[in-house]
Number of protein chains: 2
Amino acid sequence: MDRLTHISTYVNVFLMEKMLCCTPLLTTPLQRSDADELAARFRALADPVRLRLLSLIADRGEVCACDLVVPLGISQPTVSHHLRTLFEADLVARERRGRWIHYRLVDSTVDALRQALAPAIVSS
Amino acid sequence: MDRLTHISTYVNVFLMEKMLCCTPLLTTPLQRSDADELAARFRALADPVRLRLLSLIADRGEVCACDLVVPLGISQPTVSHHLRTLFEADLVARERRGRWIHYRLVDSTVDALRQALAPAIVSS
DNA sequence: GATCGATATTGACGGTTATCTATGGATAGG
DNA sequence: CCTATCCATAGATAACCGTCAATATCGATC
């Protein structure tokens with residue numbers, strides 16, 4: 001392990017204290033229930049349409065659902081379906097403002113998933 | 001953004017230079033082809049059995065496939081099928097030694113996925 | 001080379017998911 | 001109210017996926 005990876009690991013370990021969900025994958029054998037929860041969240045990321053939706057939402061900070069249909073070239077109900085999936089995985093939050101519904105990224109969930117992929121701390 | 005997050009971001013950005021695969025999700029709108037590739041990799045993580053396999057492999061450093069059947073309580077062909085999925089996603093490598101096949105984690109792929117979830121660098 | 005043991009592959013079955021069209025519910029403006 | 005607009009839901013269909021039993025393949029040993 002080189003020096004920078006080492007530093008990065010320690011910074012991440014320190015930040016981990018603040019995290020809530022999702023047992024780390026790579027530091028200790030995963031229990032069945034933890035595996036189920038983690039898999040459910042990764043399943044929400046396992047579709048190209050949802051990744052592009054997330055990407056657009058992250059890029060613009062906050063997006064009206066109406067602005068997410070045309071760029072992806074799929075039907076409005078399909079977009080709605082995927083947004084629901086992301087919402088139920090806690091990856092996005094939504095807020096109604098008049099006729100429109102605005103979506104934004106839930107940073108803490110993304111952080112937690114990133115942490116779940118953090119490398120094990122090597123003792124040597 | 002607090003100080004530690006700031007440091008972590010810069011360390012990660014620096015390490016990113018060495019990475020190969022997977023366009024970051026959250027820094028710029030994702031192209032269709034990049035989304036397809038990323039989704040394919042997340043799909044490999046989107047199953048509890050595969051997560052537990054990865055976890056066991058990571059924990060032990062290197063594992064014989066024969067030691068992965070009993071702990072999960074599923075049939076040998078199913079384990080083999082999932083190991084194949086992980087292998088094709090480049091998440092594990094395998095090496096035949098005599099009659100046995102040993103699996104180990106491919107750290108760079110896990111790192112790349114973690115990087116793909118890295119937060120956008122805020123300019124302010 | 002016959003056999004045994006470790007893995008992979010095949011084929012089938014049931015459950016899940018992505019997509020569409022059609023429809024319904026909510027909200028703003030006239 | 002009536003209508004137009006935004007968004008979600010329902011229902012249908014096709015493709016995909018996880019699982020298992022059965023079978024094939026590959027390497028070691030006798």
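So that the names make sense, note that chain A is the first sequence line, chain B the second, and so on, each numbered from 1.
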Could you tell me how far apart B:L86 (CG) and D:dG18 (C1') are, to the nearest whole angstrom? 14 Å

Distance test, side-chain N/O of B:R96 to OP1/OP2 of D:dG27, below 4.0 Å: no

For B:L26 and A:A58, which heavy atoms make the closest approach, and how far apart are they? CD2-CB, 3.6 Å

How many whole angstroms separate atom CH2 of A:W100 from atom P of D:dA8? 15 Å

Transitive ILVMFWY side-chain link B:I74 to B:L45, under 4.5 Å: yes

Does any non-hydrogen side-chain atom of A:D47 lie less than 4.5 Å from one of A:H82? yes

To the nearest Å, give me how far apart CZ (A:R32) and C1' (D:dG18) are. 13 Å

Phosphate-side-chain proximity, A:R94 and D:dC7, N/O vs OP1/OP2 below 4.0 Å: no

Answer with base, sugar-phosphate or nothing: what part of the nucleic acid does B:I74 contact at a heavy-atom distance below 4.0 Å? sugar-phosphate

Gap between atoms CD and C1', on B:Q76 and C:dT10 respectively (whole Å): 13 Å

Of A:G98 and A:P77, the one whose nearest nucleotide on DNA chain C sits closer to the 5' end is A:P77

Hey, does A:Y103 reach any base, or is it just sugar-phosphate, or nothing, if we go heavy atoms under 4.0 Å? sugar-phosphate

I'd like to know if the side chain of B:T23 reaches the main chain of B:D34, judged simply by a donor and an acceptor atom lying under 3.5 Å from each other, with no hydrogens or angles considered. no

May I ask you to evaluate whether B:S80 reaches the phosphate of C:dA8, defined as a side-chain N or O under 4.0 Å from OP1 or OP2? yes

Check whether any side-chain N or O of B:H81 sits under 4.0 Å from OP1 or OP2 of D:dG18, and answer yes or no. yes

Applying a 4.0 Å non-hydrogen cut-off, can you work out what A:H82 is touching in the nucleic acid: base, sugar-phosphate, or nothing? sugar-phosphate

What about B:I57 and B:V106, same hydrophobic cluster or not, with Ile/Leu/Val/Met/Phe/Trp/Tyr joined at side-chain heavy-atom distances under 4.5 Å? no

Without decimals, in angstroms, what is the distance between B:R99 CZ and C:dC4 P? 12 Å

Side-chain N or O of B:T78 less than 4.0 angstrom from OP1 or OP2 on D:dC20? yes

Just to confirm, is there a sub-4.0 Å distance from OP1 or OP2 of D:dC7 to any side-chain nitrogen or oxygen of A:R84? no

Nearest whole angstrom, please: distance from the P of D:dG18 to the CG of B:L83. 13 Å

Take the protein atom CG of B:L72 and the nucleotide atom P of D:dG18, then report the distance between them rounded to whole Å. 14 Å

Counting the atoms with a prime plus P, OP1 and OP2 as sugar-phosphate, which does B:R97 contact under 4.0 Å by heavy atoms, base, sugar-phosphate, or nothing? nothing

Length of the line joining B:I101:CD1 and C:dG5:C1', which is rounded to integer Å: 13 Å

